[in-house]
Amino acid sequence: MRSVRASRAFAILGTVVTLAGVAACSSTTAPSTSTSSTGTPRYGGTLYMLGTGDIDYMDPNISYYTVGYENLRMWNRPLMNYPAIPGKTTDLEPDLAAAPPVVSDGGLEYSFTIRSGVDWNTSPPRQVVAADVVRGLERACNPVKPSGALPDYEPLIVGMTSFCNAFEKVSPTVS
């Protein structure tokens with residue numbers, strides 16, 4: 001019994017030492033550990049990420065797990081978001097929106113103004129408009145791949161349930 005345990009321990013230790021040696025001999029440059037956000041943005045290169053899980057989806061409409069969200073926040077622009085700044089991660093701030101919403105009708109209506117200069121990566125660039133945000137919410141009703149957040153949206157957004165029910169009747173083929 002003791003020799004089996006010892007054999008397993010040496011096998012695991014040997015694997016770890018081998019992997020550490022291979023990693024140490026790698027010619028890949030280690031990623032920068034700088035957290036500075038100053039300077040000119042640079043396109044291209046390699047993004048190194050270390051995580052404890054896998055991404056469920058790369059589509060912000062259907063990704064619903066923490067690991068997916070952490071990756072999606074690099075290119076997804078919500079109306080409001082929590083900044084990735086130490087000590088401020090609980091301070092909700094405008095992102096796609098120009099300012100916090102104007103709340104009216106006893107807290108039932110939220111009006112956002114889209115930040116100027118937020119463009120789609122098209123040729124020529126096109127400003128993101130309110131209809132784009134509405135379309136993003138409507139995508140949550142896709143009966144083929146519904147959003148995991150749909151149960152959160154339906155009781156909060158007037159008309160969401162009826163829109164989703166009608167969307168289920170739309171033909172899935174394009175004519």
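Position 1 is the first residue of the sequence; numbering continues from there. As the structure is a prediction and not an experimental result, all values here were calculated from the model.
Closest of all the heavy-atom pairs between Y65 and D56 is CD1-OD2, 2.8 Å. The shortest heavy-atom contact between M80 and A97 is SD-CB, 4.5 Å. Summarising the geometry of I114 relative to V128, their closest heavy-atom pair is CG2-O, 3.4 Å, with the distance given to 0.1 Å. In plain terms, the two heavy atoms of Q127 and D119 that are nearest each other are CA-OD1, 3.3 Å. The two residues A140 and M160 come nearest to each other via the heavy atoms CB-CE, 4.1 Å.
In this structure, the separation between OG1 on T66 and CG on N71 is 11.0 Å, given to the nearest 0.5 Å. Here the CG atom belonging to L137 is positioned 10.0 Å from the CZ atom belonging to F163, to the nearest 0.5 angstrom. Note that CG of N76 and CG of L96 are 9.5 Å apart. Values are rounded to the nearest 0.5 Å. Expressed to the nearest 0.5 Å, how far CG of L79 lies from CZ of F112 amounts to 5.0 Å. Here F167 contributes atom CZ and R139 contributes atom CZ; the two are 9.5 Å apart, rounded to the nearest 0.5 Å. The CG atom of N81 sits 12.0 Å away from the CG atom of D91 when rounded to the nearest 0.5 Å.
In this structure the side chain of R77 never reaches within 4.5 angstrom of the side chain of D132, judged on heavy atoms.
Proximity of a side-chain donor or acceptor of S63 to a complementary backbone N or O of P60 within less than 3.5 Å is not detected.
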Extract all donor-acceptor atom pairs below 3.5 Å that involve side chains of residues 145-152 and protein atoms in other chains or at least two apart in sequence.
| residue | atom | partner | partner atom | Å |
| --- | --- | --- | --- | --- |
| K145 | NZ | Y57 | OH | 3.1 |
| S147 | OG | N61 | O | 3.0 |
| S147 | OG | A149 | N | 3.0 |
| D152 | OD2 | Y64 | OH | 2.9 |

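At most 12 non-hydrogen atoms from other residues, nucleotides or ligands lie less than 6.0 angstrom from OH of Y110. For CG of N121, the number of neighbouring non-hydrogen atoms (other residues, nucleotides, ligands) closer than 6.0 Å is 12 at most.
Under a hydrophobic-cluster definition in which Ile, Leu, Val, Met, Phe, Trp and Tyr are linked whenever side-chain heavy atoms come within less than 4.5 Å, directly or via other members, V67 and M58 are assigned to the same cluster. In the hydrophobic clustering of ILVMFWY residues, with side-chain heavy atoms under 4.5 Å counting as a link, V118 and L92 come out together. L108 and V158 sit in two unconnected hydrophobic clusters of ILVMFWY residues. Membership requires side-chain heavy atoms under 4.5 Å apart, directly or through other members.
Salt-bridge annotation for D95 and R73: absent, with no side-chain N of the basic residue lying under 4.0 Å from a carboxylate O of the acidic one.
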